[in-house]
Amino acid sequence: MVLVSYDISDDKLRTKFARDLSKYGFRLQYSLFQINNSEHLLDNFINILENKYSSKFSQSDSVLIIRLNPNCKIDKYGYAKNEDSDYFVIG
C-alpha cells in the first residue's frame, strides 16, 4: 500500500491535485489517499506530480508519498475499521 498525504495552500490547485489523485487511489481522509501497491500506478502518478504540479507548488506546500511494506501493522478505529478491502468467504 502507498499513502499520499498533501498540504497545498492554493484552493484551486489543491482541488485539481485531489481530482487527479483520485484516479489512482481513494481518499482515506481529506488530504490522505491510498494507492494500492502497483508500481505502474505509482509511477504514473509521480510522473503527473512532477510534470503537472511540481512547478506550481509554493514553499509552504508539501506532498508525502509513503510506501508501506506488507509487514506493517495498521490499527483502525471508528469508521476506518469498516474500510477493509480483504474479504474471506467460507461456504
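Count residues from 1 along the sequence.
We find the OG-CD distance between S5 and Q34 to be 13.5 Å, quoted to the nearest 0.5 Å. To the nearest 0.5 Å, atoms CG (L64) and CG (L32) are separated by 10.0 Å. Distance check: K16 NZ to D11 CG gives 12.5 Å after rounding to the nearest 0.5 Å. Remark: L21 CG to I48 CD1 distance equals 10.0 Å, nearest 0.5 Å. Here the OG atom belonging to S54 is positioned 6.5 Å from the CG atom belonging to L49, to the nearest 0.5 angstrom.
Screening I35, I65, L28 against L3 for a side-chain contact (heavy atoms from CB on, under 4.5 Å) leaves a single residue, L28.
In this structure, R14 contributes its side chain and I8 its backbone to a donor-acceptor pair below 3.5 Å. Checking side-chain atoms of D61 against main-chain N and O of S58 turns up a donor-acceptor pair under 3.5 Å. Distance alone, capped at 3.5 Å, places no donor-acceptor pair between the R19 side chain and the S22 backbone. Side-chain atoms of N36 do not come within 3.5 Å of backbone N or O of M1 as any donor-acceptor pair.
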Hey, mind stepping through R67 and L42 against side-chain contact (heavy atoms from CB on, under 4.5 Å) and telling me if it holds?
CA-CA 10 Å; R67 293 168 178 86; L42 184 58; 3.5 Å; yes

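F17 and Y6 have their aromatic ring centers within a separation under 6.0 angstrom.
Side-chain contact of N51 with N47: a donor-acceptor pair under 3.5 Å is present, judged by distance alone.
Under the 4.5 Å side-chain criterion, counting only non-hydrogen atoms from C-beta, F45 is not in contact with D20. Side-chain contact between Y53 and V63: absent, with no pair of heavy atoms (C-beta onward) separated by less than 4.5 Å.
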